[in-house]
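Notes follow the structure.
Since this is a predicted model, take the numbers as computed values, not measurements.
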Amino acid sequence: MLILSSLLTACGDTNIVNSIKFVQTIGYDAVENGVTSSAIIANYEEQGKSKLEFYVTESKSIYDSMPKLNMKLDFPIEYGQLRMALFGERFARKGIKTAIESLIRDPKISSRAHLGVADTEALKMLNIAENRNDPYFMSDMIEQNIRYGNLPRINLHLTFFDFYGSGRDFFLPHFTVERDEIKLDGIALFKEDKFKTKIGIKDSFLMKLLMEDSSNGSIMIPVKGSDHAGDEYFLMNSIHSKTTYKVVRTGSPASIDIRVKLDAQVKDVPQWIDLTSADQLALLEKCIETYCQNESRKFIALLQSNDVDPLGLGDLIRSRSKEWSPQEFQKHYKELSATVSVTARIIRTGAGG
């Protein structure tokens with residue numbers, strides 16, 4: 001037993017929690033001569049309790065930012081608890097390839113860690129996050145909006161796959177500050193490794209609807225009654241959706257048919273809507289179908305005008321064609337024809353139904 005116990009105690013590295021610094025959130029900002037790196041670090045002073053510390057350093061590149069940060073600390077840095085990397089807008093527009101590769105190469109960093117883009121300096125936004133005394137506030141915000149909101153599935157692993165995948169572009173959650181509070185306000189779309197444009201919450205819902213079989217997310221739908229001059233709105237929640245793609249033509253310009261089946265819940269309808277009426281439920285279903293179809297087409301046109309392909313339409317066509325080339329597809333991407341049809345079914349009404 002003594003021999004076995006000695007073997008077990010030698011199986012791997014052991015670190016004392018209160019003698020290391022756990023980096024949980026990091027930020028990167030572009031400056032004139034390099035990069036400013038900021039970090040939220042947990043200092044475990046006693047069992048079950050931690051105190052957040054905030055550190056900032058400047059360096060020539062990302063590669064030596066953490067070694068320089070380590071020179072400011074009394075204990076070595078560990079990345080095993082890192083769950084969030086935030087890029088300032090200026091940094092993201094210059095390109096984040098180096099940062100992604102640096103993170104994905106570190107075996108201690110989870111592939112489920114999150115990345116994000118701030119509409120200001122990451123340093124300023126992380127200062128606000130630090131004041132909440134919650135090192136995982138931003139990553140938890142992303143997880144919550146993936147599970148219950150309009151954000152499509154995304155993490156470090158999926159970003160890496162989209163970045164190196166042929167015929168697709170990656171995207172990241174986009175953050176802003178509203179009344180001194182951090183807010184997730186949409187999605188940052190990238191071309192290669194550079195931040196190209198941002199979409200809002202409505203288009204985030206449409207993107208989620210087109211990308212995956214979702215069971216959450218919400219959007220406001222306009223409805224017009226015969227006795228009402230202008231549009232009114234009702235809230236539609238996605239209960240379940242299934243999206244199928246069919247490549248109609250692989251040549252240039254390519255053609256794709258997209259079909260969405262959507263089970264929905266409606267809430268907060270105008271007062272003149274009777275949710276017990278089959279005819280008026282059919283009216284709401286038609287409103288959902290028409291609105292989602294039209295807005296999805298506009299959204300795809302927006303992607304084409306910005307030359308970004310987060311839906312992976314190029315990858316889809318590549319899988320159906322032996323003669324596909326990324327250069328040829330990119331040349332004719334704006335000419336691609338994509339038809340969208342939506343079939344909606346209201347299965348819950350928010351009125352006991």
Side-chain angles (χ1 to χ4, degrees), residues 15-29 36-57 65-66 69-70 72-89 91-92 96 99-100 103 106 108-159 171-188 201 204 216-217:
N15 289 315
I16 307 301
V17 170
N18 60 2
S19 65
I20 54 179
K21 299 285 189 179
F22 288 107
V23 178
Q24 283 134 335
T25 301
I26 56 176
Y28 296 110
D29 290 300
T36 295
S37 301
S38 48
I40 297 177
I41 295 175
N43 181 13
Y44 291 92
E45 298 176 328
E46 57 181 285
Q47 186 175 2
K49 295 182 179 180
S50 65
K51 178 183 178 182
L52 297 189
E53 299 175 351
F54 192 72
Y55 293 92
V56 181
T57 188
S65 61
M66 288 303 127
L69 183 63
N70 200 53
K72 293 188 173 184
L73 304 175
D74 53 348
F75 293 111
I77 290 177
E78 282 289 341
Y79 299 98
Q81 293 188 6
L82 180 68
R83 282 175 48 185
M84 183 73 202
L86 184 67
F87 306 107
E89 180 172 333
F91 185 95
I96 65 172
I100 294 176
L103 293 170
D106 192 329
K108 293 184 179 180
I109 296 177
S110 171
S111 61
R112 296 190 298 272
H114 289 296
L115 311 177
V117 176
D119 67 349
T120 180
E121 293 180 355
L123 172 62
K124 294 180 180 179
M125 197 163 287
L126 292 193
N127 259 318
I128 298 175
E130 181 210 4
N131 292 334
R132 296 186 67 92
N133 202 34
D134 181 359
Y136 298 135
F137 173 70
M138 297 184 73
S139 59
D140 287 343
M141 187 188 300
I142 293 173
E143 287 288 347
Q144 185 269 130
N145 279 275
I146 291 173
R147 186 172 300 177
Y148 303 110
N150 291 3
L151 193 63
R153 285 191 297 267
I154 189 65
N155 55 37
L156 177 60
H157 172 74
L158 294 175
T159 298
F171 59 93
L172 298 177
H174 188 273
F175 293 90
T176 188
V177 176
E178 183 178 270
R179 297 180 180 178
D180 295 325
E181 293 181 332
I182 299 173
K183 177 183 177 182
L184 182 61
D185 69 336
I187 292 174
I201 295 301
S204 298
N216 42 51

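- A search for side-chain contact (heavy atoms from CB on, under 4.5 Å) contacts involving Phe54 returns Ser38, Ile40, Val56, Leu123, Leu126, Asn127, Glu130, not counting sequence neighbours.
- Between Ala122 and Gly27, the closest heavy-atom pair is CB-CA, 4.0 Å.
- Ile109 CD1 to Leu82 CG: the interatomic distance, rounded to the nearest 0.5 Å, is 5.0 Å.
- Not counting sequence neighbours, the partners of Val177 by the side-chain contact (heavy atoms from CB on, under 4.5 Å) test are Met125, Ile128.
- Between Leu156 and Ser110, the shortest heavy-atom contact is CD2-O, 3.8 Å.
- Shortest non-hydrogen contact noted between Tyr55 and Leu69 is CB-CD1, 3.3 Å.
- Nearest heavy-atom pair, Leu86 versus Ala118, reported as atom, atom and distance to 0.1 Å: CD1-N, 3.9 Å.
- Summarising the geometry, atom OG belonging to Ser139 is positioned 7.5 Å from atom CG belonging to Asp134; distances are rounded to the nearest 0.5 Å.
- Among residues two or more places apart in sequence or in another chain, the ring-ring contact (aromatic ring centres under 6.0 Å, His included) test is passed with Tyr28 by Phe87, Phe91.
- Side chain of Asn145 to backbone of Leu151: no donor-acceptor contact under 3.5 angstrom is found.
- Residues satisfying the side chain to side chain donor-acceptor pair (under 3.5 Å) test with Ser65, not counting sequence neighbours, are Ser37.
- When the ring-ring contact (aromatic ring centres under 6.0 Å, His included) test is applied to Phe175, no partner is found at least two apart in sequence or on another chain.
- Identified under the side-chain hydrogen bond (donor to acceptor under 3.5 Å, both in side chains) test for residues 173-186, with sequence neighbours left out: Asp119-Thr176, His174-Asp185, Glu178-Lys183, Asp185-Lys198.
- Not a single side chain to side chain donor-acceptor pair (under 3.5 Å) links Asn131 to another residue, sequence neighbours left out.
- Taking Glu143 as the reference, His114 meet the side chain to side chain donor-acceptor pair (under 3.5 Å) condition, with sequence neighbours excluded.
- Within the 4.5 Å cutoff, side-chain heavy atoms of Ile96 are placed close to those of Leu172.
- Here the side chains of Leu115 and Ile100 are in contact, with some heavy-atom distance below 4.5 Å.
- Considering CG of Leu103 and CD1 of Ile26, their distance stands at 5.0 Å, rounded to 0.5 Å.
- With values rounded to the nearest 0.5 angstrom, Leu184 atom CG is found 9.0 Å from Gln144 atom CD.
- In this structure, the side chain to side chain donor-acceptor pair (under 3.5 Å) partners of Glu89, at least two apart in sequence or on a different chain, are Arg93.
- Listed here is the closest heavy atom pair of Gly149 and Asn216: O-OD1, 3.5 Å.
- For Asp140, the salt bridge (charged side-chain N to carboxylate O under 4.0 Å, His left out) partners two or more places apart in sequence, or in a different chain, are Arg83.
- Side-chain atoms of Tyr136 and Gln24, non-hydrogen and from C-beta on, do get closer than 4.5 Å to each other.
- Residue pairs satisfying the salt bridge (Lys or Arg N to Asp or Glu O under 4.0 Å) criterion with at least one member in residues 146-156, sequence neighbours excluded, are listed as follows: Arg153-Glu212.
- When all heavy atoms of Ala39 and Val23 are compared, the closest pair comes out as CB-CG1, 4.2 Å.
- A heavy-atom distance below 4.5 Å is not found between the side chains of Ile187 and Ile154.
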